Amino acid sequence: MTNLAPSKLAMVPFVSVDNMMKIVHSVGPAAMIRGIADYIEADFKRWPEFDKTPRVAAHSEEGVIELMPTSDGETYGFKYVNGHPANMARGFQTVTAFGLLARVDNGYPVLLSEMTILTALRTAATSAVAAKHLAPKGAKTMAMIGNGAQCEFQALAFQEVIGIKTVRLYDIDPAATAKAARNLAETGLEVIACKTAEDAVAGADIITTCTADKQYATILTDNMVGSGQHINAIGGDCPGKTELHRDILLRSDIFVEYPPQTRIEGEIQQLDEDHPVTELWEVMTGRAQGRTSDRQITLFDSVGFATEDFSALRYVRDQLERTGAYVDLDMLADPDDPRDLFGMVQRAR
Ligand code: NAD
């Protein structure tokens with residue numbers, strides 16, 4: 001629990017966007033992704049302890065608004081997140097988020113945080129943790145299709161955790177690729193801007209798809225994927241929103257976060273309900289195998305699960321004391337006499 005002085009017990013530490021950026025820079029972006037990756041893996045390894053449910057989604061024609069709750073019995077967490085693929089063209093973010101941790105024993109929140117930046121960090125960290133178990137050994141080159149908000153975080157995570165040296169960028173909008181190439185220029189990665197998706201995947205050990213389009217899209221066709229590759233499929237994360245041709249799924253060994261949610265939202269919504277998939281936590285705990293051969297195509301069908309946000313929030317909470325990068329929010333009415341809520345309001349007159 002956050003170490004707060006007794007007089008401040010009813011105050012809730014709040015991490016704004018500005019303070020999140022301070023935390024990122026005080027740790028370093030790559031080191032922070034690695035740190036979050038460690039928390040995510042630690043929490044996947046105690047998977048049975050978590051309360052799990054598919055996220056609660058409110059769909060509209062333009063996008064989706066979702067709540068993602070979980071609890072480990074001691075701490076409760078949730079994230080509010082939206083996904084609006086048309087937003088970018090209107091000058092808004094496709095994905096924005098904020099989240100909260102609370103004590104289970106008395107229900108009091110202990111952290112409120114921005115999570116737009118944190119979601120990009122945790123999504124990249126989760127992808128890298130999955131790839132640690134699934135990507136071919138010694139993978140050096142990643143194709144990155146979709147060069148929007150998540151792109152550079154993904155590239156950094158794979159450099160830091162997997163050790164890739166080269167990223168091959170492609171986006172239908174060349175301005176997005178130019179932006180990503182500029183932002184990655186000082187990372188030490190070799191950055192190659194490609195003219196087509198086919199060009200981007202040529203010679204890649206890992207293919208990341210991270211596009212946003214509310215339809216059954218075909219970012220990768222079957223002929224673009226060769227034996228031994230690992231696919232990190234990020235962008236298909238909603239009913240009716242996928243990125244891969246179904247034939248790729250039929251040739252791949254598929255790994256997922258939480259099957260009841262992924263069957264609704266992931267690439268596997270294109271398959272029969274009983275199509276076999278392996279859960280990531282089982283791979284991480286050694287109950288199931290990850291990659292077993294050089295020729296196997298592995299697919300991480302990522303949709304993003306509540307425990308990953310819980311882990312990321314835990315990580316942020318553990319940075320507060322050292323960085324001081326938060327303000328106390330007076331968001332809990334907490335009268336000295338718990339029954340005298342009305343009296344407290346009256347006295348404020
Ligand atoms: P964004 O809108 O900032 O970027 C998306 C990019 O994809 C844009 O640059 C766009 O031009 C490009 N694009 C669209 N169609 C394309 C195509 N056919 N080929 C190549 N490029 C194409 O969005 P973002 O924040 O980077 O998010 C990307 C996707 O990842 C979204 O669908 C989002 O919902 C999803 N996402 C998933 C997770 C997860 O945990 N799995 C987490 C965050 C975001």
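Count residues from 1 along the sequence. No experiment lies behind these values; they were computed from the predicted model shown. Both ligands and their constituent atoms are indexed starting at 1 by order of listing.
- Within the 4.0 Å heavy-atom shell around ligand 1 one does not find F305.
- In summary, the atoms of ligand 1 found under 4.0 Å from a heavy atom of G235, numbered by their order in the structure, are 29 (C), 30 (O), 32 (O), 35 (C).
- Checking only distances, T94 does come within under 3.5 Å of ligand 1, N or O to N or O.
- Taking the centre of each ring, F300 and F255 stay at or above the 6.0 Å mark.
- More than 12 heavy atoms of other residues, nucleotides or ligands lie within 6.0 Å of CD in Q215, so this atom counts as buried by the packing criterion.
- Nearest non-hydrogen protein atom to atom 25 (O) of ligand 1 is Q150 NE2, 2.9 Å.
- Residue contacts with ligand 1 for T211 involve both N, CA, C or O and side-chain atoms from C-beta outward (heavy atoms, distance under 4.0 Å).
- The atoms of ligand 1 that sit less than 4.0 Å from any heavy atom of A212 are 2 (O), 5 (C), 7 (O), 14 (C), 31 (C), 32 (O).
- Among the atoms of R122, some N or O lies under 3.5 angstrom from an N or O of ligand 1.
- Between E41 and K132 there is a salt bridge, with a side-chain nitrogen of the basic residue lying less than 4.0 Å from a carboxylate oxygen of the acidic one.
- Near G304, the atoms of ligand 1 lying under 4.0 angstrom from a non-hydrogen atom of the residue are 39 (C), 40 (O), 41 (N).
- Protein heavy atom at the shortest distance from atom 3 (O) of ligand 1 is A149 N, 2.9 Å.
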**salt bridge (charged side-chain N to carboxylate O under 4.0 Å, His left out) between D340 and R347, intermediate numbers included** = CA-CA 11 Å; D340 196 18; R347 284 190 294 280; 3.2 Å; yes
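- With atom 14 (C) of ligand 1 as the reference point, the heavy atom nearest to it among I172, I145, N87 is part of I172.
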**Message:** Test salt bridge (charged side-chain N to carboxylate O under 4.0 Å, His left out) on R287 and E279; report intermediate values, then the result.
**Reply:** CA-CA 10 Å; R287 289 166 62 117; E279 298 184 45; over 6 Å; no
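- Residue contact annotation: A217 has no non-hydrogen atom under 4.0 Å from ligand 1.
- Using a 4.0 Å cut-off between charged nitrogen and carboxylate oxygen, D294 and K137 do not count as a salt-bridge pair.
- Between S302 and ligand 1, at least one N/O pair is under 3.5 Å apart.
- For the 3.5 Å distance criterion, the side chains of D253 and T298 fail to qualify, holding no donor opposite an acceptor.
- Near T123, with a cut-off below 4.0 Å to any heavy atom, the atoms of ligand 1 are 38 (C), 39 (C), 40 (O), 42 (C), 43 (C).
- T177 and D171 share no side-chain donor-acceptor pair at under 3.5 Å.
- Counting only N and O atoms by type, the side chains of D51 and S71 include no donor and acceptor under 3.5 Å apart.
- Ion pair D18/K22 flagged as a salt bridge, since at least one NZ, NE, NH1 or NH2 atom sits closer than 4.0 Å to an Asp/Glu carboxylate oxygen.
- The protein non-hydrogen atom at the shortest distance from atom 12 (C) of ligand 1 is D171 OD2, 3.1 Å.
- Listed here is the closest heavy atom pair of A233 and L244: CB-CD1, 4.2 Å.
- If you look at A176 next to ligand 1, the close heavy atoms, those under 4.0 Å, all belong to the side chain.
- At the top of the distance list for atom 28 (C) of ligand 1, counting protein heavy atoms only, stands C210 O, 3.4 Å.
- Neither the backbone nor the side chain of E257 has any atom closer than 4.0 Å to an atom of ligand 1 (non-hydrogen atoms only).
- Atom CG of N223 sits in a crowded spot, with more than 12 heavy atoms from other residues, nucleotides or ligands closer than 6.0 Å.
- Scanning all protein heavy atoms for the shortest distance to atom 4 (O) of ligand 1 gives G148 CA, 3.2 Å.
- Residue K241 approaches ligand 1 through these ligand atoms, each under 4.0 Å from one of its heavy atoms: 31 (C), 32 (O), 33 (C), 34 (O).
- For I234, heavy-atom contacts with ligand 1 shorter than 4.0 Å involve the backbone as well as the side chain.
- In this structure, Y315 has its ring center closer than 6.0 angstrom to the ring center of Y39.
- Contact atoms of ligand 1 toward V303: 39 (C), 40 (O), 41 (N) (distance under 4.0 Å to a heavy atom of the residue).
- A heavy-atom separation below 4.0 Å is found between I219 and ligand 1.
- Protein heavy atom at the shortest distance from atom 34 (O) of ligand 1 is D237 OD2, 2.8 Å.
- Heavy atoms of other residues, nucleotides or ligands lying less than 6.0 angstrom from CG of N106 number more than 12.
- Using a 4.0 Å heavy-atom cutoff, E308 is absent from the residues neighbouring ligand 1.
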